[in-house]
Amino acid sequence: MQANDPFLPTRTAALERLAAFVPRAGRDYAARRNYDLGPGRHAGVSTLSPYIRHRILTEEEVLGAVLGRHSHRAAEKFVQEVFWRSYWKGWLEMRPAVWGGYRAGLAQRWDEVQTQAGLRRAWEDACHGRTGIDAFDHWAQELAETGYLHNHARMWFASIWIFTLRLPWELGADFFLRHLLDGDPASNTLGWRWVAGLQTRGKTYLARASNIARYTENRFAPQGLAAEAPPLEGPAHPPRMAPPEGDRFDPARPTALVLHEDDLSPGWLFDLGLAPVATAVLDATGGLSVLEPAPRVRAFKTALMDETVTRYGALLGPVTQGLTSGSEAAQWARDAGATQIVTPYAPVGPSAQILHQIPDLPVLRPLRPYDARAWPHATAGLFKFKEKIPALLADMKGLRVA
């Protein structure tokens with residue numbers, strides 16, 4: 001990645017971005033967060049999501065920095081945005097079949113793209129920004145070029161994809177996951193489902209030209225947008241499972257550590273006494289999509305993993321990078337002399353899928369205290385979860401942040 005890239009894949013760059021944002025995290029953020037002014041002009045939002053998604057910055061670290069400068073009341077909108085990510089993860093963790101349903105639906109839609117010429121043309125035009133809808137085409141190209149979209153633009157884009165272009169939502173969610181540097185199975189899948197009326201049953205999001213013009217400060221005046229957004233049909237939510245509790249591990253046993261893209265700040269495990277005989281870095285990028293993820297996404301993840309290995313150095317022991325399967329991980333751990341594998345708990349998604357397929361050796365998944373406190377509250381809607389935020393903030397005191 002280039003030095004002038006908008007998202008440098010280092011913890012130093014993440015900390016610098018956090019420090020620059022903190023003064024604006026209060027009332028300025030609340031007033032300007034909905035405005036999408038284009039690439040290089042996202043000062044109204046934090047643009048920290050690519051780092052938080054991979055836990056190069058942890059949620060506690062970000063919240064601690066912001067609340068060290070602002071009162072909870074002043075920074076309430078930003079605090080909520082951080083916790084929404086936790087809510088989506090907890091919700092999906094207790095209903096993992098929704099991710100499986102998305103993946104099955106995507107496979108079916110991809111088969112249709114390959115067999116239906118009209119659908120393929122429409123899908124390609126949407127992905128390449130050739131629909132003739134000015135705002136949508138710009139966002140498609142911005143995403144491909146930068147790996148980032150403003151959150152409001154993501155909502156407008158998804159709504160236009162589903163209700164104006166009438167394309168399958170699974171293909172749109174996949175387009176995002178292939179290109180977003182902060183692409184997250186929970187937030188992305190459930191966000192698209194929410195726009196489509198599948199998440200909060202019957203409630204959809206309609207992109208309106210007047211709203212787009214207002215919050216892009218008249219950069220766009222899209223024509224021909226759908227006038228209504230009837231909810232899509234889909235199965236009811238699966239029964240809710242119990243939230244995960246995480247595993248304990250015996251630090252005296254020969255232990256292999258497996259790092260993955262969902263948590264690249266493993267210091268908290270060393271605080272628990274972990275002293276690995278060897279460490280491996282899992283590469284689950286190929287599991288994001290039925291297609292190859294964008295080179296920018298793969299390069300960003302790889303660089304973050306490399307930087308994590310450098311940052312923790314000798315604590316990791318000998319390091320092997322690029323494991324892509326459970327059987328490969330098991331063989332590596334046995335060769336290292338380990339009798340157990342420890343890995344930060346990976347939420348539903350490609351990393352978790354590989355970890356669940358490791359044979360023969362016990363795989364222990366300690367759960368961060370932050371997740372253990374937040375996820376069990378993701379039982380219903382966002383607003384019920386919001387009521388728990390003050391107590392969750394109080395519980396953060398004393399938690400390790402990185």
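All heavy atoms count here, side chains included; hydrogens, waters and symmetry mates do not. Treat the numbers as computed from the prediction; the structure is a model and nothing was measured.
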- Message: Just to verify, what does R154 make a salt bridge (Lys or Arg N to Asp or Glu O under 4.0 Å) with, not counting sequence neighbours?
- Response: D182
- Task: Quick one: list whatever passes salt bridge (Lys or Arg N to Asp or Glu O under 4.0 Å) with R32, sequence neighbours left out.
- Result: E217
Please tabulate, one pair per line, all N/O donor-acceptor pairs under 3.5 Å involving side-chain atoms of residues 237-245, not counting sequence neighbours.
from, atom 1, to, atom 2, distance (Å)
H237, ND1, R193, NH2, 3.4
H237, NE2, Q199, O, 2.8

Of all residues at least two apart in sequence or in a different chain, which pass the ring pair (Phe, Tyr, Trp, His ring centres under 6.0 Å) check with [X]?
X	result
H260	none
Y102	W99, W169
W110	W123

- Query: Counting N and O atoms only, with roles assigned by atom type, does the side chain of T204 sit under 3.5 Å from a partner on the main chain of A229, one being a donor and the other an acceptor?
  - Reply: yes
- Can you run down the side chain to side chain donor-acceptor pair (under 3.5 Å) pairs that involve residues 15-27, sequence neighbours left out, and say none if there aren't any? R17-T47
Judged by modelled atom types alone, do [X] and [Y] share a side-chain donor-acceptor pair under 3.5 Å?
X	Y	answer
Q331	S327	no
S289	D174	yes
E307	T10	no

- What salt bridge (Lys or Arg N to Asp or Glu O under 4.0 Å) pairs are there with at least one residue in residues 344-366, not counting sequence neighbours? R334-D360
Tell me which donor-acceptor pairs under 3.5 Å the side chains of residues 77-87 have, and how far apart each pair is, sequence neighbours excluded?
from, atom 1, to, atom 2, distance (Å)
Q80, NE2, E76, OE2, 3.4
S86, OG, Y370, OH, 2.8
Y87, OH, A380, O, 2.4

- Message: Enumerate the ring-ring contact (aromatic ring centres under 6.0 Å, His included) contacts for residues 338-360, please, sequence neighbours excluded, ordered by first and then second residue.
- Response: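 Only Y345-W375 qualify under ring-ring contact (aromatic ring centres under 6.0 Å, His included).
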- Message: I'd like to check the side chain to side chain donor-acceptor pair (under 3.5 Å) partners of K89; sequence neighbours left out, ordered by chain and number.
- Response: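 Side chain to side chain donor-acceptor pair (under 3.5 Å) list for K89, sorted by chain: D184.
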Regarding [X] and [Y], does a basic nitrogen lie under 4.0 Å from an acidic carboxylate oxygen?
X	Y	result
D137	R130	no
D36	R219	yes
R121	E124	no
R33	D28	no

Extract all donor-acceptor atom pairs below 3.5 Å that involve side chains of residues 66-75 and protein atoms in other chains or at least two apart in sequence.
from, atom 1, to, atom 2, distance (Å)
H70, NE2, V22, O, 2.6
S71, OG, A74, N, 3.0

- Task: May I have the step-by-step check of side chain to side chain donor-acceptor pair (under 3.5 Å) for D262 and S351, ending in yes or no?
- Result: CA-CA 8 Å; D262 294 289; S351 295; 3.1 Å; yes
